[in-house]
Amino acid sequence: MIKIRYFGFLKDILQIEEEEIIWDKGNSQDLLDFLRNRNASWSDALAEENIFRLVINRRIIYQSTPIHTGDEIAILPPVTGG
Amino acid sequence: MFSIKIQTAPFSQKEIKQKLPAHNCGAIVSFIGIVRGFDEKEPLDYLYLEHFPSVTEQEIERIIQLAKNRWDIQSCHVIHRVGNLKIGEEIVLVLTAATHRKAAFEATEFIMDYLKSEAPFWKKEFFKNGQSRWVKAKQSDLNEKGRWSNND
């Protein structure tokens, strides 16, 4: 299992804050592809321009990274602080 | 000395200034961001700010490190508030101390530009008419960051 957390407008548009899914193997790009394939709403919500960064186990990643069972992944939309 | 705080409570710039080392410090520059009453034409009731505990702090630390690599700054303190904030309330403080004013000015501006486009914070606006919406990232903020370099 892996845990996925959603932030900002993604939480509202997907109507989910976090979930756990079964994950055998694959990298962060595979995970995004898997989530986008759920249906058109997920595909639209997780369009490239709506994703700023992925975080694995509380570390921001800057390139596609392997995801292992037990990992916590967070999907961050573009940021608007300051 | 460097510090990063994410908090719901208001902050005091005076308290932070008292902590600054006087030794070899010739300039202090501070920036405070406050909640605007209007976004475009719709009157705002309040702003909600979300962050990602521990990841947001890490990212701000990285931004301060980038500034330290470029300018000789002695001290930098960043405080960012989260939760519900009313119009006129202070959201963010960046306070930088350096030997010379140019370094303090530029580092403060650099940190703010990066904070706006890299640090995991998300604003949601709640309007007086009862509607709400997540703030969209602005291209202008990305442009401001981009002017420092394309390599950071």
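In the text below, chain A, chain B and the rest are named by the order of the sequence lines, each starting its count at 1.
- Heavy-atom distances place both the backbone and the side chain of W122(B) under 4.5 Å from chain A.
- Proximity of the aromatic rings of H80(B) and F121(B) is defined here by a centroid distance below 6.0 angstrom, and this criterion is met.
- With respect to chain B, the highest number of heavy-atom pairs below 4.5 Å among R59(A), R53(A), R58(A) belongs to R58(A).
- We find that R38(A) and E19(A) are joined by a salt bridge, their nearest charged nitrogen and carboxylate oxygen being less than 4.0 Å apart.
- With contacts defined as side-chain heavy-atom distances shorter than 4.5 Å, the pair I4(B)/E61(B) qualifies.
- In this structure, chain A has a heavy atom under 4.5 Å from the side chain of K124(B), while its backbone stays farther away.
- A ring-centre distance under 6.0 Å is not found for Y114(B) and W148(B).
- Taking E59(B), K116(B), K136(B) one by one and counting their heavy-atom pairs under 4.5 Å with chain A, the maximum is reached by K116(B).
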